[in-house]
Structure formats: structure tokens, C-alpha cells
Amino acid sequence: MKLSNLVRALICLFFFSISFGTHAFEIQVYALFKDMAIIKVDGVQHKLKTGETTPEGVTLISADSEKAILQVKGKTESYPLGENFSISFAEKPKMEARIWSAGGMYLTNGFINDQVVKFVVDTGASWIAMNRQQADELGIQYLLIGDKAVASTANGHTSVHTVLLKKVRVGDIELHNVQAAVLENSNPKYILLGNSFLDRVDMEREGQMMLLKQNISCWVIHFLTASTWSEKVR
């Protein structure tokens, strides 16, 4: 009996929520002054002025002789003098990849179907693209399972076979069912990390570093598409 997409989503969200790391610490307001407070976080004392933040991420919003208004992990609460508070929160896993520029190219190691490959980020490529030798080394049976097409490249038009990659990973980001093209020649030198992957993540540039991020909603979608793909190939 197959699960509906709604049930899959609920299961996905459940396992994703329990995969968060849970962190807790104790907060005590030790002394109060106008626009200043002395607090203890897990027994470590901090003297804060309005707007200052402890290394643990506790920010003093305001203070008077009766209470301190503290912001802890985005949540603002009032903390009276002398009382102890236990704060718990879930830490979101970081699903990201950091890629540094090398000679004008953003090269990075990654995985296709759990096999190590060398990618070059190419925002001008519609799909992940590789040459036939690279596909053979990865065991991709593009002649058997691929759809034949013609693609436009920097060197003109060439014949390609389009395939669906079961799994692609860069850094901590893992996507399922990613479109790719196998070119019937010796190009490209490195496998192109094209928009069939890049369009499914958030991309930022910080100086010479490119940061790719995967969010929760994408993770849910990828879980569902991976499940659908698994059913099709059974």
C-alpha cells in the first residue's frame, strides 16, 4: 500500500524535527540597573548594556530596577531579578556548501550517486553536464536510459543524452532526481554543476566565496521526489 504525498510530508517533517540538535542553558538575572544588567548564562557572568549580546546569543533589549528584557534566539521575554530560567531551543542543521574561487572558476568536490566527482559551478548551464567518459566511470547507462537530444554549447551544437541522477551532493546539500546531460564528446573537462541543481538551492556570493544553502521546504520536496523516484524504479 503506497503512502500519499501528504502522509509522506508529515513523516518527513517528523523525522526532520527530531533531527535537530537540542540545546539548553540556564539564565539568571543577577543585578539590574537602568539600561544595564548583570546576568549569568550557565553560570558564566556577563555585564550587558542595552543592545549587547553574550557569546551564547543572549541580547539585552532593555533594563530597569525590576526586570531585564532579554532576547534569546529571536524570542523576547521579561526576566525579573533573582529568578532562574531554563531555556531550550532546537538548533537547525546547516545544509550548505562553501565553494571558493580558483582562477576565476568555482571548483569543488562533490558526489553523484555516492561517487566522488569534481564539479565546476556553471550558472549558464541548464543541467548538470558531463562527457561520456565521466558518465561511463560513474556507471550511468545513458545509452540505455537516456533520452537523446541536441544541446547548444560554446563549441556549437552537440548530441546529448538526458538522464535523471538519483542523488547529487555538494557540501552538506544532497538533492535527489537531478536532471543531467551526457555529451557525446570529451567536453566538459569538469562536470558542470548547472541550474538543474543550482535552481533548487539559495546562492550567495561573499567575496571570493560562493555559499549554497538548502532550506527546510526544499528538503521536504526532495524527500517526496526521492520517494516517488524509488517507486518508479522498483
| query | Does Arg205 reach the side chain of Tyr106, with side-chain heavy atoms less than 4.5 Å apart? | reply | yes

| task | Would you give the length of the straight line joining atom CG of Leu164 to atom OG of Ser196, rounded to the nearest 0.5 angstrom? | result | 9.5 Å

| note | One should read off an interatomic distance between Arg169 CZ and Glu174 CD, to the nearest 0.5 angstrom, of 6.5 Å

| How about Val201 and Glu96: do any of their side-chain heavy atoms sit closer than 4.5 Å? | no

| Path from Leu48 to Phe33 over hydrophobic side-chain contacts below 4.5 Å | no

| query | Is there a side-chain contact between Met209 and Ser101 (heavy atoms, below 4.5 Å)? | reply | no

| remark: Rounded to the nearest 0.5 Å, the CD1 atom of Ile69 sits from the CD1 atom of Ile61 at a distance of 8.5 Å

| field | Gln133 atom CD, over 12 foreign heavy atoms within 6.0 Å | value | no

Just distance, no hydrogens or angles: give the donor-acceptor pairs under 3.5 Å from side chains in residues 114-127, sequence neighbours left out.
residue, atom, partner, partner atom, Å
Asp114, OD1, Lys167, NZ, 3.2
Asp114, OD2, Lys167, NZ, 3.1
Gln115, NE2, Leu138, O, 2.9
Lys118, NZ, Asn109, OD1, 3.3
Asp122, OD1, Gly124, N, 2.9
Asp122, OD1, Ala125, N, 3.4

| query | Could you give the distance from CG (Asn185) to CG (Asn131), rounded to the nearest 0.5 Å? | reply | 7.5 Å

| Non-hydrogen atoms of Leu183 and Pro188 that approach each other most closely | CD2-CD, 4.5 Å

| Close side-chain approach of Met210 and Arg98, heavy atoms under 4.5 Å | no

| query | Do Val182 and Leu143 share a hydrophobic cluster, counting only Ile, Leu, Val, Met, Phe, Trp and Tyr and linking them when any side-chain heavy atoms are less than 4.5 Å apart? | reply | yes

| said: Using only atom types and a distance under 3.5 Å, with no angle test, would you say the side chain of Thr162 pairs donor to acceptor with the backbone of Gly146? | reply: no

| task | Drop me the distance from Leu70's CG to Thr54's OG1, to the nearest 0.5 angstrom. | result | 9.0 Å

| query | Does a donor on one side chain and an acceptor on the other come within less than 3.5 Å for Glu184 and His161? | reply | yes

| remark: In short, Leu60 meets Lys49 closest at the heavy-atom pair CD2-C, 3.6 Å

| Test log, rule side chain to side chain contact (heavy atoms under 4.5 Å, CB included), inputs Leu212 and Ile99 | CA-CA 8 Å; Leu212 306 180; Ile99 306 172; 3.9 Å; yes

| What pair of heavy atoms forms the shortest contact from Phe197 to Val170, and how long is it? | CZ-CG2, 3.9 Å

| said: Same cluster or not: Ile173 versus Phe111, using hydrophobic residues (I, L, V, M, F, W, Y) connected whenever any side-chain heavy atoms lie under 4.5 Å apart? | reply: no

| said: When you compare the side chain of Leu32 with that of Ile38, does any pair of heavy atoms fall below 4.5 Å? | reply: no

| task | Return the set of residues passing salt bridge (charged side-chain N to carboxylate O under 4.0 Å, His left out) with Asp64 (not counting sequence neighbours), or none when no residue passes. | result | Lys67

| field | Common cluster, Ile191/Met105, ILVMFWY with side-chain heavy-atom separation under 4.5 Å | value | no

| Residues which pass salt bridge (charged side-chain N to carboxylate O under 4.0 Å, His left out) with Glu204, listed by chain and number, not counting sequence neighbours | Lys213

| Between Val72 and Ile27, is a side chain to side chain contact (heavy atoms under 4.5 Å, CB included) present by the stated rule, with each step listed? | CA-CA 10 Å; Val72 184; Ile27 296 178; 3.9 Å; yes

| For Glu52 and Lys47, which heavy atoms make the closest approach, and how far apart are they? | OE1-O, 3.8 Å

| message | To the nearest 0.5 Å, what is the distance between CG on Leu211 and CG on Asp202? | response | 9.0 Å

| task | Test Lys40 against His46 for side chain to side chain contact (heavy atoms under 4.5 Å, CB included), laying out the working first. | result | CA-CA 6 Å; Lys40 288 185 177 180; His46 302 279; over 6 Å; no

| request: Answer yes or no: is there a side-chain heavy-atom contact under 4.5 Å between Leu192 and Ile128? | output: no

| said: Contact between Tyr142 and Val160 at the side-chain level, heavy atoms closer than 4.5 Å - yes or no? | reply: no

| field | Same apolar cluster (I L V M F W Y, side chains within < 4.5 Å links), Leu198/Val163 | value | yes

| Check against side chain to side chain contact (heavy atoms under 4.5 Å, CB included), Val58 and Thr53 | CA-CA 5 Å; Val58 179; Thr53 303; 5.7 Å; no

| message | When you measure from the side chain of Arg132 to the backbone of Gln134, do you find a donor-acceptor pair of N or O atoms at a distance under 3.5 Å? | response | no

